[in-house]
K.L.:
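I'd like to ask some things about the structure below.
Heads up: numbering here begins at 1 and tracks the sequence.
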Amino acid sequence: MSGHALLLDGAAFLTVWCTVCQGTGPAAPNSGAGLQDAARRHLATTHPDHSGEPDDAFVVEPCRAITGWDGTEPPHETYNRASPPTW
């Protein structure tokens with residue numbers, strides 16, 4: 001399944017991770033609202049040497065609902081609760 005098809009899936013969401021420390025950030029709905037801002041804040045506070053080029057230091061990826069997701073809450077909220085961000 002391509003990334004574009006995955007984003008149309010109701011169980012899909014986006015997550016972000018830092019390429020500097022390999023830490024995982026928060027997950028968000030498919031709109032990705034707030035992920036880039038959260039990543040920039042992480043870089044500015046944790047990796048100030050890399051804050052000049054923030055878009056190169058983090059990756060936003062599509063994900064699918066984790067095992068145990070029962071559909072009672074958005075899949076990104078289940079992910080954040082079951083696998084809390086490391087930053």
Side-chain angles (χ1 to χ4, degrees):
M1 178 181 291
S2 73
H4 296 290
L6 179 65
L7 292 179
L8 298 176
D9 187 338
F13 58 95
L14 298 173
T15 188
V16 62
W17 59 275
C18 176
T19 61
V20 179
C21 66
Q22 302 301 310
T24 57
N30 285 338
S31 65
L35 286 183
Q36 291 180 335
D37 291 337
R40 288 185 183 112
R41 281 192 304 274
H42 166 72
L43 290 171
T45 58
T46 310
H47 312 293
D49 294 343
H50 295 279
S51 63
E53 299 176 14
D55 294 342
D56 294 335
F58 63 87
V59 176
V60 176
E61 295 182 323
C63 292
R64 288 204 83 250
I66 61 173
T67 301
W69 180 66
D70 61 6
T72 60
E73 65 184 348
H76 68 280
E77 290 180 11
T78 302
Y79 183 86
N80 285 335
R81 184 172 43 78
S83 304
T86 58
W87 47 268

K.L.:
Rounded to the nearest 0.5 Å, what's the gap from NE2 on His76 to CD1 on Ile66? Could you check?
P.N.:
12.5 Å
K.L.:
Which atom pair, heavy atoms only, marks the closest approach of Pro26 to Ala38?
P.N.:
CG-CB, 4.1 Å
K.L.:
Filter on salt bridge (charged side-chain N to carboxylate O under 4.0 Å, His left out), then keep only pairs touching residues 72-87, sequence neighbours left out; what's left?
P.N.:
Glu73-Arg81
K.L.:
Compare every heavy atom of Gly25 with every heavy atom of Thr15, then report the nearest pair and how far apart it is.
P.N.:
OG1-O, 4.0 Å
K.L.:
Please examine the side chains of Trp87 and Val16, heavy atoms only from C-beta on, and report whether any two atoms are closer than 4.5 Å.
P.N.:
yes
K.L.:
Give the minimum heavy-atom separation between Leu43 and Cys18, together with the two atoms involved.
P.N.:
CD2-SG, 4.1 Å
K.L.:
Could you report the tightest heavy-atom contact between Trp69 and Pro74, atom names first, then the distance?
P.N.:
NE1-C, 3.8 Å
K.L.:
Restricting to non-hydrogen atoms, name the atom on Pro75 and the atom on Ala12 that form the minimum distance, rounded to 0.1 Å.
P.N.:
CG-O, 4.1 Å
K.L.:
Could you pull out all residues at least two apart from Val59 that satisfy side chain to side chain contact (heavy atoms under 4.5 Å, CB included)?
P.N.:
Trp17, Thr19, Glu61
K.L.:
Can you see which heavy atom on Phe13 is nearest to which on Ala28, and at what distance?
P.N.:
CB-O, 3.3 Å
